[in-house]
Amino acid sequence: MSKESKEIKRVTTHSLFAMKERGEKISMLTAYDYSLGKIIDNSGIEVILVGDSASNVMAGHETTLPITLDEMIYHASAVVKAARRALIVVDIPFGSYQGNSNEALKSAIRIMKKSGAHAVKMEGGEEILESVARILSAGVPVMGHLGLTPQSIYKFGTYTVRAREENEARKLVKDSQLLEKSGCFALVLEKIPAKLAAKVSQTLKIPVIGIGAGPHTDGQVLVMHDMLGINKDFNPRFLRRYADLNSVITDAIRNYIDDIKSGSFPNDKESY
Ligand code: KIV
């Protein structure tokens, strides 16, 4: 074993818990393929989420609903091959667990066996507790996801901020406690008021990772294509863009086209 590979220590659900206890923020980002998964892992991210946002950014669907279990496994397998340090969490897609704990268990086991990922993520609270319990009993770590849960978009009707109303906020707090009690190792809170996310993060012992949930959660997650500026059509208030790869890639491809048209590519040095 080389010195370099000896030194890389895999992030685990336990190390995330310890980070929360130390007050150290957790970084999480989505990835869907080998090449970008490798760059993201080498950058030092703690958690890579193979999100069902692949349905939007990779497959071009309008929602996360169409992506299948096999497609999620395809993306997850590629990321697993790339990442040597990050904990890899995979979304169980819509239609592979809702309302049927048997199916939920089968889906989770299939993801773990076929992709080699380390954990699964599921959307929902009280209504998925039976499935969460069965998956956990098989030894598969589960990350919860509350607030805006895109697999239920047709129930919500819009992608606006969730849990502004007292009733919904109360249910979210209760659901977060139930998920922690059932054994989830972490929780994603999406697009909810910062104050509510702060309250949940302070109440729970497990790490809470926010997206559009303000600065007081134990960590943050973004969709890679959004934060790198590959996708320019999505501009929610919570999104910070760290690059404008859309322009970088467009300029590079335009230069390539120009060089072909002018005959300057390939030159003598680029020929045999
Ligand atoms: O699918 C996804 O990318 C997600 C994040 C938005 C948390 O669930």
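Numbering of ligands and ligand atoms starts at 1, following listing order.
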task = State whether a side-chain donor-acceptor pair under 3.5 Å links Thr250 with Ser247.
result = no

ask   = Which of the numbered atoms in ligand 1 are below 4.0 angstrom from a heavy atom of Thr30?
value = 3 (O)

ask   = Between Glu190 and ligand 1, does any nitrogen or oxygen pair lie at a separation below 3.5 Å?
value = no

ask   = For atom 3 (O) of ligand 1, what's the nearest protein heavy atom and its distance?
value = Ser53 OG, 2.5 Å

ask   = Under 4.0 Å from any heavy atom of His145, which atoms of ligand 1 are there?
value = 8 (O)

task = Please identify which atoms of ligand 1 are closer than 4.0 Å to at least one heavy atom of Gly51.
result = 1 (O), 2 (C), 3 (O)

query = To the nearest 0.5 Å, how far apart are CG in Asp70 and CD1 in Ile111?
reply = 10.0 Å

key: Residue and atom name of the nearest protein heavy atom (relative to atom 5 (C) of ligand 1), distance in Å to one decimal   = Leu49 CD2, 3.7 Å

message = Is the ring pair Tyr32/His225 parallel, tilted or perpendicular, if the boundaries are 30 and 60 degrees?
response = tilted

ask   = Of Ile209, Ile92, Val188, which is the lone residue that meets side-chain contact (heavy atoms from CB on, under 4.5 Å) with Lys121?
value = Val188

task = State the atoms of ligand 1, each with its element, that fall below the 4.0 Å cut-off from a heavy-atom position in Asp91.
result = 1 (O), 2 (C), 8 (O)

note = Logged contact type for Asp52 with ligand 1, heavy-atom cut-off 4.0 Å, is both

key: Lys38 NZ: over 12 foreign heavy atoms closer than 6.0 Å   = no

key: Under 4.0 Å to a heavy atom of Val223 - the qualifying atoms of ligand 1, by number   = 3 (O)

inquiry  = Can you confirm, on distance only, whether ligand 1 has an N/O atom lying under 3.5 Å from any N/O atom belonging to Tyr32?
reply    = no

message = For Ile211, which part has a heavy atom under 4.0 Å from ligand 1: side chain, backbone, both, or neither?
response = side chain

inquiry  = Regarding Arg170 and Glu166, does a basic nitrogen lie under 4.0 Å from an acidic carboxylate oxygen?
reply    = yes

key: Distance-only donor-acceptor check, side chains Thr149 and Lys155, under 3.5 Å   = no

query = How far is atom 8 (O) of ligand 1 from its nearest protein heavy atom, and which residue and atom name does that atom have?
reply = Lys121 NZ, 2.9 Å

ask   = Crowded around Phe156 CZ? As in, over 12 foreign heavy atoms under 6.0 Å?
value = yes

